[in-house]
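Notes follow once the structure below has been shown.
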Amino acid sequence: MANNSIFKDNLFEGKKVFITGGATGMGLGFAKAFLEHGAEVLIASRKEDNLQLASEEAQKETGKELLWKVMDVRDNGSVTTVADFIKSEWGELDILVNNAAGNFIAPVSSMSENAWRAVVDIVLDGTFRVSKACYPLLRKSESISSVVNIIANYAWNAAPFVGHSGAAKAGVLNLTRTLALEWASDEIRVNAFCPGVVLTENVKSNLMLDEKTAKMFENYIPLGGVTDSNKMAQQVLYLCSSAADVITGDMLIADGGQWLVGNAFYQAGKQFLDE
Ligand code: NAP
């Protein structure tokens, strides 16, 4: 059985899956999980080296080839080029995961306009661009197709010290529900997925999550402990499976109950700024 998965190995046999930002962290975890369950997978992001490494890692671990393309979600031309590639390669798309993101700790009072714009451009505008470019391909899917937008558990509440990311993810959540309605008659489901804390390399460096801060995050997780990309991938597989064909415009929160009890970013950000 694929990587302790609860799902059957051929669950996504023949399905075509596109994951933005799929060369690192959770996105790569999603890519490997879809490959292990029979899907054809395309990942796209800015850094060619990372894409190459991801493809080698996926091949080594799953025995399957994935496709990759250099793409910047901030550049509409680059996004439409990848959509054209999907059209010529597959002719349709069954699953889109809008996972690409950028984030760093900064209080709004000292955040430059460029910093604000960069994060909103990747997270919110990027989700709009990629979703719109993929819409004609998702419509062509022979079965009900699925879009999963990756958000964060500060999207519907305050996002202290990550205000750019919070505002952008909140916009993505709203867009998720709008598209769920606008695209329901096209048999395209659109949902948001809210992961728990996963200590990916970029999270550790961009959010200054050293061991001490990570411990503090852990203390805010009622079910205990940070989680991992494999576990998060299982949630995304479920959301994209036919078992979830009655779910659209919804949000799956898989953070061990963290959002119910406190805002870890508030504590972590305060500590970071105090030091
Ligand atoms: P990650 O490793 O930093 O992955 C983000 C990916 O986005 C990178 O591969 C990056 O690749 C890509 N990206 C950034 N800017 C881009 C652009 N302009 N165009 C195309 N791709 C771009 O992050 P992660 O920790 O796995 O997070 C994955 C998702 O989960 C994100 O949406 C994040 O907000 C969300 N999330 C994470 C956590 C967590 O604890 N890790 C918690 C809640 C939510 P390039 O640099 O090559 O472009």
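Being a predicted model, the structure only gives us computed values, none of them experimental. FYI, the numbering just counts along the sequence from 1. Just follow the structure's listing: the first ligand is 1, and inside any ligand the first atom is 1.
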For residues Ser143 and Lys15, is any side-chain donor paired with an opposing acceptor at under 3.5 Å? yes
Partner of Arg129 under side-chain hydrogen bond (donor to acceptor under 3.5 Å, both in side chains), chosen from Asp121, Thr80, Asp75, Thr20: Asp121
Identify, with sequence neighbours excluded, every residue that meets ring pair (Phe, Tyr, Trp, His ring centres under 6.0 Å) alongside Phe128. none
Residues 42-66 vs ring-ring contact (aromatic ring centres under 6.0 Å, His included), sequence neighbours excluded, gives none
Could you list all the ring-ring contact (aromatic ring centres under 6.0 Å, His included) pairs where at least one residue sits in residues 13-35, not counting sequence neighbours? Phe12-Phe34
Glu142, CD: over 12 other non-hydrogen atoms inside 6.0 angstrom: no
Every residue of the protein that comes under 4.0 Å of ligand 1, judged on heavy atoms: Gly21, Thr24, Gly25, Met26, Ser45, Arg46, Lys47, Met71, Asp72, Val73, Arg74, Asn99, Ala100, Ala101, Ile122, Ile150, Ile151, Ala152, Lys169, Pro195, Gly196, Val197, Val198, Thr200, Asn202, Val203
